[in-house]
Amino acid sequence: MYRLAEDRNSKGKELRMCVVETIQEMMTYDDKVVALEADLGGASGFTKIQKSNPDRFVQCGIAEANMVGVAAGLSVTGFKPYIHTFGPFATRRVFDQMYLSGAYAHNTINIYGSDPGFTVGANGGTHTTWEDVALMREIPGAVVCDAADAVQMEWILKEFAKSEGIHYVRGNRKAVRNVYAEGSEFTLGKGNILKEGSEVLLIAAGQLVSDALDCAKMLEKENISVEVVDMFTIKPLDEELLLKEAEGKQLVVTFENHSVYGGLGSAAAEVMAEKNVPVPLKRVGVKDCFGQVGTPEFLQKEFGLTAEDLAEEIKKNYKMR
Amino acid sequence: MDKNQLQDLKILSAKIRLDVLKMLEKRGYGHLGGSLSIVELMSVLYGKQLRYDAANPKWEDRDMVVLSKGHAGPAWYSALAEQGFFDKEWLYTLNDGGTNLPSHPDRLKTPGVDMTTGSLGQGTSAAAGIATGFRMKGSGQYVYLIVGDGELNEGQCWEAFQYIAHYKLNHCVVIIDENKRQLDGTTKEIMNPFDVAEKMRAFGFHVQKVKGNDEEAIDKAIDCAKEVEDQAVCIVLDSIKGSGVPYFEQLAGNHSVKFNNDEILGANHEAIKALESFIEGGSELCTD
Ligand SMILES: [Mg+2]
């Protein structure tokens, strides 16, 4: 069971520290857990794992393709590798290795792709990924998650250790606002209804879940009733929840820190089209463009991904009906 | 190695080569050249060096082979069949729909195959990871990584080599099949490899170079590699693409061969006859 955080404006611990500490904790009871880095240990905090668990840490250097292959080989010998690099390098750069040495060969690789979308900040366009979810969704059998906060990130990483396969989670390295209370439990492949509402179904993932909740609050004041769902597992998608909650709504909106091509919005559109859901759909995300440099706050505005942008989109599309 | 042991390996080589020729003729096409150039290596591995249990391919303490040049699957399948991993009849199902022997090795389908390969370069990193796993377990197992010389065009090989050398993973025996040819021509024409052995030395490996069709030399090199402490090890096979069948050695474009004309079929039948006669103890084989 999950519960909402009491203070949604406070931030949890840095997601990278959450990842580091969760892996360290798992290493205390599971000697198969191994952490791999590609020379970003200072950025991810994985150097702390190197210090605490030197015999379960593998520094791969700046060679991501090799890191993914090494992870696959570790899986062959029964280990559970957790690898980190920035989102674009964890997916786009190593796609064939992930697809063949990983998934096709039925190996297990758990991936933390950090700083997705606008959270890239000062690293800019070369380090931006708006397509990681789209790529990972294409891999047969892969599990694809976008963590809403530190509580959920910890739960996801521990859940990954319980099954074999390709498991991807994206998330900011820095602290994000709390959505969930400590100790919340989730189910992979099941979305979470965070706020009831009767007119608009708003489906978000990742740290934008906080902005989606803000947006719903803003729209309440304008007498638009918005239901908010955290669809943290983008694959497999909770089709049942989507179909059930879309019923009777005026509008379905998806909200993602990702391209509208191939991510959460696409996944929802595919289901709604095939199941003949007679409700209009608006996908709010990034539209066919590259990233750029700036503060995360600047970039979130620049790419139209703030709660205010979302509210505008909802009002525009809601009124068009 | 005594004379009898060497003779046994030569007979195993002949059997593997014979199986490759027969299975590819039956299929009508296949990756002939690069399969034939590693026949003696497969013979030494499966006839002498590897620890395995054909009846229990998943035996916990087994050594592993990663055939990164996955298109040479037919040579591997032949060695596995000869050693009893599966019925030899399987060899004639190569590339059939639903077969357990696909053109490129698949760890989910074939007993004795521990890593799926075929997208060139990728097996190198997987073998590096397997050796890392063996070291973490402290098990002393070996993984034999077989890489093609054309495959060295792939940058991932060099990422993996620097990793293997850095970590001195001497239980990952890197074996480069330097048969000097790749699909579109000679390696020199396509992408000059310069001196492969020197390159590997520069990367930090202990390197040996041996004739690819010499069982005794290959065996000695592996023994020697196992003695090397504190350094990664590499064996460069000075081999011939299409090795062991003069006609195929000479044939231009022997990477993938179609068995669709009398000349090729005639040469193949002649080679099959010679191998069968050698296996029955009736003749000497003319090698190089
Ligand atoms: Mg070659």
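So that the names make sense, note that chain A is the first sequence line, chain B the second, and so on, each numbered from 1.
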Exercise. With B:Gln141, which residues qualify under side chain to side chain contact (heavy atoms under 4.5 Å, CB included), at least two apart?
Worked result: B:Arg51, B:Asp63, B:Phe134, B:Lys137, B:Ser139

Problem set entry | Test item: A:Arg173 and A:Tyr112 side chains (from C-beta on) under 4.5 Å apart, heavy atoms | yes

Seminar exercise, completed: In this structure, CG of A:Asn110 is separated from NE2 of A:His84 (nearest 0.5 Å) by 14.0 Å

Problem set entry | Option that, when pairs with chain A are counted at under 4.5 Å, heavy atom only, ranks first among B:Ala128, B:Gly133, B:Gly118, B:Ala127 | B:Gly133

Seminar exercise, completed: From the list B:Tyr142, B:Tyr144, B:Phe85, ring pair (Phe, Tyr, Trp, His ring centres under 6.0 Å) partner of B:Tyr52 resolves to B:Phe85

Problem set entry | chain A neighbours within residues 97-114 of chain B, where any heavy atom lies under 4.5 Å away | B:Asp106, B:Arg107, B:Leu108, B:Asp114

Exercise. At a heavy-atom separation under 4.5 Å, does A:Val68 approach chain B through its side chain, its backbone, both, or neither?
Worked result: neither

Problem set entry | For B:Asp149, all residues meeting salt bridge (Lys or Arg N to Asp or Glu O under 4.0 Å), sequence neighbours excluded | none

Problem set entry | Residue of the set A:Arg92, A:Arg93, A:Arg170 for which salt bridge (Lys or Arg N to Asp or Glu O under 4.0 Å) holds with A:Glu131 | A:Arg92

Exercise. A:Asp55 versus chain B, heavy atoms under 4.5 Å apart: side chain, backbone, both or neither?
Worked result: backbone

Problem set entry | Basic-acidic side-chain contact under 4.0 Å: A:Lys13, A:Glu21 | yes

For this session: Decide whether B:Asn179 and B:Ser37 meet the rule of one side-chain donor and one side-chain acceptor closer than 3.5 Å.
Result: yes

Exercise. If you take all heavy atoms of A:Ala63 and B:Glu159, which pair is closest and at what distance?
Worked result: CB-OE1, 3.3 Å

For this session: State whether B:Lys168 and B:Glu229 are salt-bridged, where the test is any N-O pair (Lys NZ or Arg NE/NH1/NH2 against Asp/Glu carboxylate O) under 4.0 Å.
Result: no

Problem set entry | residues 98-109 of chain A: residues contacting chain B (heavy atom under 4.5 Å, by number) | A:Leu100, A:Ser101, A:Tyr104, A:Ala105, A:His106, A:Asn107

For this session: First locate atom CG of A:Leu74, then atom CE of A:Met67, and finally report the distance between them rounded to the nearest 0.5 Å.
Result: 11.5 Å

Problem set entry | Side chain / backbone / both / neither for B:Met115 at chain A, heavy atoms under 4.5 Å | side chain

